[in-house]
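A short worksheet on the structure shown next.
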Number of protein chains: 2
Amino acid sequence: MNQPVKRTGSTKERILGAAEALFAQRGFDGASLRQLTSAAGVNLAAVNYHFGSKEKLVEQVFRRRLDALNAQRLAALAKVAGQPGTRLEDVLDAFIRPALELSHEEEGSLFMRVLARAFAEHDDSLRKFLSENYGHVMRQFTAEFARLLPQLSKEELYWRIDLATGALTHAMSGFGMIQRKSDVSERVHREQTVQHLIRFAAAGLNAN
Amino acid sequence: MNQPVKRTGSTKERILGAAEALFAQRGFDGASLRQLTSAAGVNLAAVNYHFGSKEKLVEQVFRRRLDALNAQRLAALAKVAGQPGTRLEDVLDAFIRPALELSHEEEGSLFMRVLARAFAEHDDSLRKFLSENYGHVMRQFTAEFARLLPQLSKEELYWRIDLATGALTHAMSGFGMIQRKSDVSERVHREQTVQHLIRFAAAGLNAN
DNA sequence: GAAGGATTCAAACGATCGTTTGAGCATACG
DNA sequence: CGTATGCTCAAACGATCGTTTGAATCCTTC
């Protein structure tokens with residue numbers, strides 16, 4: 001089922017929107033520039049004019065979402081970090097909720113699938129781009145997890161964070177067996193997802 | 001870094017081995033039949049002769065590993081299912097260990113990446129194939145989890161199993177931040193992975 | 001050796017791909 | 001109006017793709 005692509009806005013924005021939708025559905029290789037430009041209602045050469053290459057377009061698709069997402073994550077983390085009453089669940093909430101809100105937004109709903117594909121594809125240049133531009137966010141969350149879980153060795157901590165983020169990526173990508181029920185609103189489904197994820201991840205991180 | 005591909009064995013086996021390696025590295029679309037047949041040392045037309053099409057080749061790559069993997073899973077489950085002393089960790093072990101052993105075998109080491117890609121790609125025909133041929137295994141494990149976690153609603157149970165399998169897929173795909181240290185043997189690393197996974201998943205499944 | 005079936009081979013097909021190119025159009029400014 | 005800049009367009013390029021084809025080779029059996 002094809003996600004409808006907005007045909008208003010600047011050419012550049014239309015391309016980014018179509019790219020996001022088609023990359024989510026078909027992957028980076030699977031979505032051709034002809035499909036994408038057709039969906040956006042622009043000419044094929046517009047991609048190279050505005051973005052230089054398909055590869056650069058892929059990076060811009062990420063940049064336009066991750067800049068805002070990670071800013072929100074860091075802002076939420078700043079509210080709870082280092083506080084004496086902070087619980088693990090609060091830090092997890094700061095990490096998970098911005099992503100879930102993005103994931104369930106009308107226009108951002110496919111982005112987490114794009115992100116999941118980025119991880120699954122093991123594309124070295126893409127991972128380098130993500131690591132260089134957003135790795136500092138993960139390091140800040142890791143430091144706060146370490147503060148709240150002093151009983152864990154560094155190695156155990158990394159293991160658990162890795163598994164928790166794996167579960168998070170999986171949940172957000174929409175690939176699992178959980179689908180929103182038709183009698184449940186988008187907002188309620190998102191809240192349920194947040195709670196399930198936080199409960200699962202907090203227990204897993206705290207396991208002894 | 002390219003995984004070396006065996007050049008002995010029947011043409012068919014060589015193609016399957018090369019396919020597994022290149023699908024893991026480049027994805028289903030990203031790995032062309034020319035790359036694959038070149039790596040296997042066979043002629044391009046051999047794929048269509050032996051498998052009919054690239055799509056059918058993909059299915060056979062899965063079938064040759066999943067038949068054995070799921071048989072092992074069911075055998076391990078049969079040893080613990082329904083027993084009065086069975087713990088959650090035992091069922092998780094039955095689910096996880098065969099996959100980890102496959103994941104760390106010399107020849108099967110890339111298969112879990114192939115499987116992770118299958119999930120990430122959200123390819124409907126592939127998911128249908130996996131669901132039709134191997135869905136019964138998951139249902140049997142779910143029934144045993146339900147027996148051991150009677151306090152959970154059906155919905156909560158599905159949520160947690162989904163998250164746990166997401167974490168498992170992530171760990172086995174080798175995409176996360178955890179790499180084997182050079183002073184740790186393959187066998188020890190595998191055992192560590194099993195233990196980390198079981199501890200994390202059991203705690204997450206049991207969360208209250 | 002001959003026959004039949006299985007397998008391999010190189011060439012070719014039609015299709016698709018990302019990128020490039022130069023002409024044409026639109027807008028803003030003097 | 002002329003000029004400069006930005007943007008759009010269709011055609012073309014070189015490359016790659018999965019699939020097909022018919023000839024050649026290999027293997028087995030009689």
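Just so we're on the same page: letters track the sequence lines, and every chain starts at 1. Values in this document were obtained by computation on a predicted structure and should not be read as measured data.
- In this structure, B/Phe28 places its CZ atom 17 Å from P of D/dC17, rounding to the nearest Å.
- The interatomic distance linking B/Lys54 (NZ) with C/dA15 (P) rounds to 19 Å, in whole Å.
- By the 6.0 Å and 45° rule, B/Arg117 does not stack over the aromatic ring of B/Phe23.
- Going from atom CG of B/Asn48 over to atom C1' of C/dA12 covers 14 Å, rounded to whole Å.
- The overall bend of the helix from C/dG1-D/dC30 to C/dG30-D/dC1, read as the angle between its terminal helix axes built from five base pairs each, is 0° when rounded to 10 degrees.
- Counting only N and O atoms by type, the side chains of A/His50 and A/Gln60 include no donor and acceptor under 3.5 Å apart.
- Going from atom CD of A/Glu55 over to atom C1' of C/dT19 covers 14 Å, rounded to whole Å.
- Taking the charged nitrogens against the carboxylate oxygens, B/Arg199 and B/Glu89 have no contact shorter than 4.0 Å, which rules out a salt bridge.
- No hydrogens or angles considered: nothing links the side chains of B/Glu144 and B/Gln140 as a donor-acceptor pair under 3.5 Å.
- Taking atom CG on B/Leu57 and atom C1' on D/dT19, their separation rounds to 14 Å, with Å as the unit.
- Aromatic ring centres of A/Phe62 and A/Tyr134: separated by at least 6.0 Å.
- Salt bridge absent: A/Arg64 and A/Glu59 never bring a charged side-chain N and a carboxylate O closer than 4.0 Å.
- For A/Arg97 and A/Glu191, the salt-bridge test passes: some basic side-chain N is under 4.0 Å from an acidic carboxylate O.
- Taking atom CG of B/Leu36 as the reference point, atom C1' of D/dT16 lies 15 Å away to the nearest angstrom.
- Between B/Phe141 and B/Phe95, the two ring planes are perpendicular [angle over 60°; tilted spans 30° to 60°].
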What are the atom names and distances for every N/O pair under 3.5 Å that joins the protein to nucleotides 4-11 of chain D?
{"from": "D/dC7", "atom 1": "OP2", "to": "A/Tyr49", "atom 2": "OH", "distance (Å)": "2.9"}
{"from": "D/dT8", "atom 1": "OP1", "to": "A/Thr11", "atom 2": "OG1", "distance (Å)": "2.4"}
{"from": "D/dT8", "atom 1": "OP2", "to": "A/His50", "atom 2": "NE2", "distance (Å)": "2.8"}
{"from": "D/dC9", "atom 1": "OP2", "to": "A/Asn43", "atom 2": "N", "distance (Å)": "3.2"}
{"from": "D/dA10", "atom 1": "OP2", "to": "A/Asn43", "atom 2": "ND2", "distance (Å)": "3.4"}

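- Between A/Arg34 atom CZ and C/dT20 atom C1' the separation is 12 Å, expressed in whole Å.
- Paired with B/Leu66 under the rule side chain to side chain contact (heavy atoms under 4.5 Å, CB included), one option of B/Val61, B/Val137, B/Leu130, B/Asn133 passes, and it is B/Leu130.
- Atom P of nucleotide D/dG18 and atom CZ of B/Arg26 are separated by 12 Å, given to the nearest angstrom.
- OP1 or OP2 of D/dC17 sits under 4.0 Å from a side-chain N or O of B/Ser32.
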